[in-house]
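Written out below as structure tokens is the structure these notes cover.
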Amino acid sequence: MEIKTQVAIVGAGPSGLLLGHLLCAAGIGCIVVERQSPDHVLGRIRAGVLETVTTDLMRELGIDQRLNAEGMVEGGFNLATHDDVIRIDIEALTGRHVIVYGQTEITRDLMEAAPDRGLAVIYEAANVALHGIESRHPWVTYEKGGKVERIDAGFIVGCDGFHGAARRAIPAGAAREFERIYPFGWLGILADVPPCHPELIYANGDRGFALASMRSPTRSRYYIQVPLTDTLDDWPEERLWDELEMRFNPLSEHGVTRGPALEMSIAPLRSYVFETMRHGRLFLAGDAAHIVPPTGAKGLNLAASDVAYLSEALIGYFRTGDEVALDNYTPRALARIWKAERFSWFLTKLMHRFPEDGAFEHRMQTAELEYVASSRAMQTAIAENYVGLPL
Ligand SMILES: Cc1cc2nc3c(=O)[nH]c(=O)nc-3n(C[C@H](O)[C@H](O)[C@H](O)COP(=O)(O)OP(=O)(O)OC[C@H]3O[C@@H](n4cnc5c(N)ncnc54)[C@H](O)[C@@H]3O)c2cc1C
């Protein structure tokens with residue numbers, strides 16, 4: 001069967017669903033194709049800290065009832081050494097805040113709103129392939145129910161994450177890649193236990209980096225830095241809880257509460273930018289074009305700013321035929337992406353133990369953290385990046 005639409009979106013993660021809803025609300029025809037099932041998409045536990053750029057889009061769409069009711073407004077966060085906690089009062093320093101609300105919940109809200117709003121999402125689409133992206137009539141094919149289907153579109157947008165098909169459809173000579181792979185990963189645990197502290201704590205202690213985070217007043221998310229050679233078999237739950245108690249009991253208000261893991265996983269850390277976000281009639285948005293280490297919580301929020309820029313450009317094009325905004329999408333998005341890459345890299349360098357570092361680098365980290373503790377200017381620089389730079 002052949003389907004025709006204005007925009008074919010590959011990937012139904014947060015960037016694909018957000019873009020689909022924004023285009024749909026502007027009366028632009030679009031179809032989203034996703035390789036996984038809805039349950040699989042919702043099973044991925046990832047981001048939890050939302051900047052205004054993300055919450056504003058949800059509000060603009062009117063898909064914000066649960067976000068308003070359940071999102072936790074956070075006016076600060078903490079950087080800690082083994083025994084000192086430096087509170088970054090983001091509200092006092094910037095007049096703004098962030099909202100703690102899980103990526104899973106955002107995705108669920110966007111997913112559930114799709115049928116009522118006429119946003120077509122095709123799940124479990126196998127072997128999605130992009131064709132004719134350098135022509136004015138690109139198309140997407142996929143397999144479902146034993147048949148090959150085809151979607152003809154004016155544009156294709158690759159929102160299919162780091163391992164997707166869209167970025168690979170762009171010829172190597174048409175783009176530049178920038179990458180930094182970090183020599184450790186984050187071991188995460190999600191559990192229905194109250195958080196140990198009212199606000200996030202990023203800690204750099206003698207035993208390495210750890211993060212105490214949360215998804216709600218009754219659901220905690222913790223991470224610790226682990227060598228890339230570690231697997232989940234190395235970390236029975238009790239070993240991880242012991243480690244978290246050691247790290248956070250001296251630093252937190254309530255101490256760590258243990259509970260059965262709802263999820264445990266190890267994520268590698270990487271900084272990556274693919275420098276072009278447009279090739280012919282194909283655009284990239286979100287993790288398909290860039291990755292940040294999770295330190296500083298920028299990934300989902302960058303996906304949202306890409307989508308804000310791209311939806312504006314596509315809506316302008318379909319209303320007035322204006323090609324300029326489409327041409328400007330790559331430089332406009334990259335300007336914000338590189339600043340978020342810098343902040344995530346800076347915070348990763350400041351808060352982790354790098355295997356190659358010696359005593360000098362540790363003293364540098366200590367000196368920098370002491371400077372953060374004593375300087376309002378430094379705290380303001382951190383706070384304004386943390387709440388998100390303007391669009
Ligand atoms: C452990 C961890 C913690 C994080 N914490 C934060 C945080 O606190 N704050 C923050 O802002 N960010 C955070 N991030 C980053 C954030 O999760 C990502 O930036 C975000 O998911 C990007 O959304 P996306 O829609 O671009 O990509 P994805 O969420 O990766 O979605 C891509 C979608 O495309 C689908 N797909 C892939 N290939 C194909 C194909 N060939 N055909 C069709 N569909 C395909 C996938 O199944 C997926 O559903 C974290 C990430 C990790 C791993």
Side-chain angles (χ1 to χ4, degrees), residues 8-20 31-51 53-55 74 77 98-104 106-107 110-111 121-130 140-144 151 156-169 185-190 200 202 211 213-215 221-224 263-270 272 277 284-307 310 337 340-341 343-344 347 386-388:
I9 299 172
V10 184
S15 46
L17 289 175
L18 264 176
L19 180 65
I31 297 176
V32 186
V33 277
E34 162 63 49
R35 138 173 105 180
Q36 304 290 357
S37 67
D39 283 350
H40 186 280
V41 171
L42 290 176
R44 292 190 294 237
I45 307 300
R46 290 179 169 183
V49 178
L50 307 182
E51 297 173 12
V53 59
T54 308
T55 52
E74 296 276 294
F77 76 104
V98 292
I99 297 211
V100 168
Y101 187 69
Q103 174 168 336
T104 312
I106 290 246
T107 310
L110 292 166
M111 217 181 238
V121 186
I122 299 162
Y123 287 97
E124 297 175 273
N127 296 324
V128 174
L130 291 75
V140 170
T141 55
Y142 62 94
E143 290 168 31
K144 188 155 171 128
I151 304 172
I156 301 173
V157 184
C159 294
D160 50 351
F162 187 65
H163 301 286
R167 191 179 66 250
R168 288 200 301 269
W186 278 19
L187 164 65
I189 185 166
L190 182 76
L200 273 73
Y202 287 88
L211 169 60
S213 171
M214 72 289 282
R215 294 291 178 268
R221 179 72 164 159
Y222 290 98
Y223 295 99
I224 62 165
E263 189 261 5
M264 280 177 77
S265 52
I266 297 180
L269 266 66
R270 158 194 328 263
Y272 176 86
M277 293 173 71
L284 301 178
D287 278 17
H290 43 78
I291 297 287
V292 285
T295 337
K298 292 286 153 239
L300 171 59
N301 296 301
L302 274 185
S305 58
D306 290 354
V307 164
L310 184 56
I337 289 160
E341 290 280 350
F343 179 65
S344 310
L347 211 53
Y386 190 75
V387 295

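Indexing begins at 1, ligand by ligand and atom by atom, following the structure's order. Throughout, numbering of the chain's residues begins at 1 and tracks the sequence. Small disclaimer: the values here were computed from a predicted structure and weren't measured.
At a 4.0 Å heavy-atom cut-off, ligand 1 touches L300 through backbone and side chain alike. In W186, neither the side chain nor the backbone holds a heavy atom less than 4.0 Å from any atom of ligand 1. When heavy-atom distances to ligand 1 are checked against a 4.0 Å cut-off, V33 comes that close only through its backbone atoms N, CA, C and O. Under 4.0 angstrom from ligand 1, the non-hydrogen atoms of K298 all belong to its backbone. In Q36, the part holding a heavy atom less than 4.0 Å from any atom of ligand 1 is the side chain. At a heavy-atom distance under 4.0 Å, atoms from both the backbone and the side chain of D287 approach ligand 1.
What you find for S15 and V307 is that their closest heavy atoms are O-CG2, 3.5 Å.
Look at E263 and R44 and you find no salt bridge, because none of the NZ, NE, NH1 or NH2 atoms lies under 4.0 Å from a carboxylate O.
Taking any N or O of A303, backbone or side chain, none lies under 3.5 Å from an N or O belonging to ligand 1. The distance criterion of under 3.5 Å between nitrogen or oxygen atoms is met by G299 with respect to ligand 1. Residue Y223 has no N or O atom closer than 3.5 Å to an N or O atom of ligand 1. Checked against a 3.5 angstrom limit, the closest N/O atoms of H163 and ligand 1 fall outside it. In terms of polar-atom proximity, P14 is counted as a contact of ligand 1, with an N or O under 3.5 Å from an N or O of the ligand. The N/O atoms of Q103, backbone and side chain alike, include one that comes under 3.5 Å of an N/O atom in ligand 1. An N or O contact shorter than 3.5 Å is missing between P294 and ligand 1 by distance.
Nearest protein neighbour of atom 13 (C) of ligand 1, counting heavy atoms only, is A47 CB, 3.2 Å.
A cation-pi arrangement is present between R167 and F162 under the rule of less than 6.0 angstrom and at most 45 degrees off the ring axis.
Put simply, part of R44 is less than 4.0 Å from ligand 1, judged by heavy atoms.
Close approach to G48 involves these atoms of ligand 1, each under 4.0 Å from a residue heavy atom: 7 (C), 8 (O).
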